[in-house]
Engineer: 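Before I ask anything, here is the structure I am working with.
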Amino acid sequence: MGKVKTDHTVELVARAIYEAEQHARSWDNGSARSRERSREYARNAIRLLNDDVGVLLLALNEAAAEHSPRGSSAAT
């Protein structure tokens, strides 16, 4: 059970890191190399933060939202 939760957390953090890096491709269409590099960054961040990983997720999601065109409206 702990490993499944850890794997899920790594995946969430990795996706947030990937998106915050402003890759042109989505996570699902990105290269395996880029995704694995993001997972490695995520594992390192999680090890360093331990229980404070939620703070990292929040910060990465906020950074991704700032750079995302989803927040802007084309029709004004």
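None of the values given here were measured: they were computed from a predicted structure.
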Engineer: Could I get the full list of side-chain contact (heavy atoms from CB on, under 4.5 Å) partners for L49, not counting sequence neighbours?
Structural biologist: D52, L56

Engineer: Working to the nearest 0.5 Å, report the span between OG of S38 and CZ of R33.
Structural biologist: 12.0 Å

Engineer: Quick check: is W27 connected to I17 through a chain of hydrophobic side chains (ILVMFWY, heavy atoms under 4.5 Å apart)?
Structural biologist: no

Engineer: Return the set of residues passing salt bridge (charged side-chain N to carboxylate O under 4.0 Å, His left out) with E36 (not counting sequence neighbours), or none when no residue passes.
Structural biologist: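 Scan of E36 (salt bridge (charged side-chain N to carboxylate O under 4.0 Å, His left out), adjacent residues dropped) gives R39, R43.
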
Engineer: With sequence neighbours left out, write down each residue that passes side-chain hydrogen bond (donor to acceptor under 3.5 Å, both in side chains) with R47, or none if nothing qualifies.
Structural biologist: N44

Engineer: Yes or no on salt bridge (charged side-chain N to carboxylate O under 4.0 Å, His left out) for D28 and R35, after CA distance, side-chain angles and deciding distance?
Structural biologist: CA-CA 9 Å; D28 294 328; R35 289 191 313 259; over 6 Å; no

Engineer: For the residue pair S31 / S34, report whether a side-chain donor-acceptor contact shorter than 3.5 Å exists.
Structural biologist: yes

Engineer: Between atom CG of D7 and atom CG of L12, what is the distance when rounded to the nearest 0.5 Å?
Structural biologist: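 Spacing of CG (D7) from CG (L12) equals 11.0 Å.
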
Engineer: Which atom pair, heavy atoms only, marks the closest approach of A42 to A14?
Structural biologist: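 So the two residues come closest at CB-N, 3.6 Å.
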
Engineer: Would you say V10 ends up clustered with Y41 if hydrophobic residues are merged whenever their side chains have heavy atoms under 4.5 Å apart, either directly or through other cluster members?
Structural biologist: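 Y41 and V10: one cluster.
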
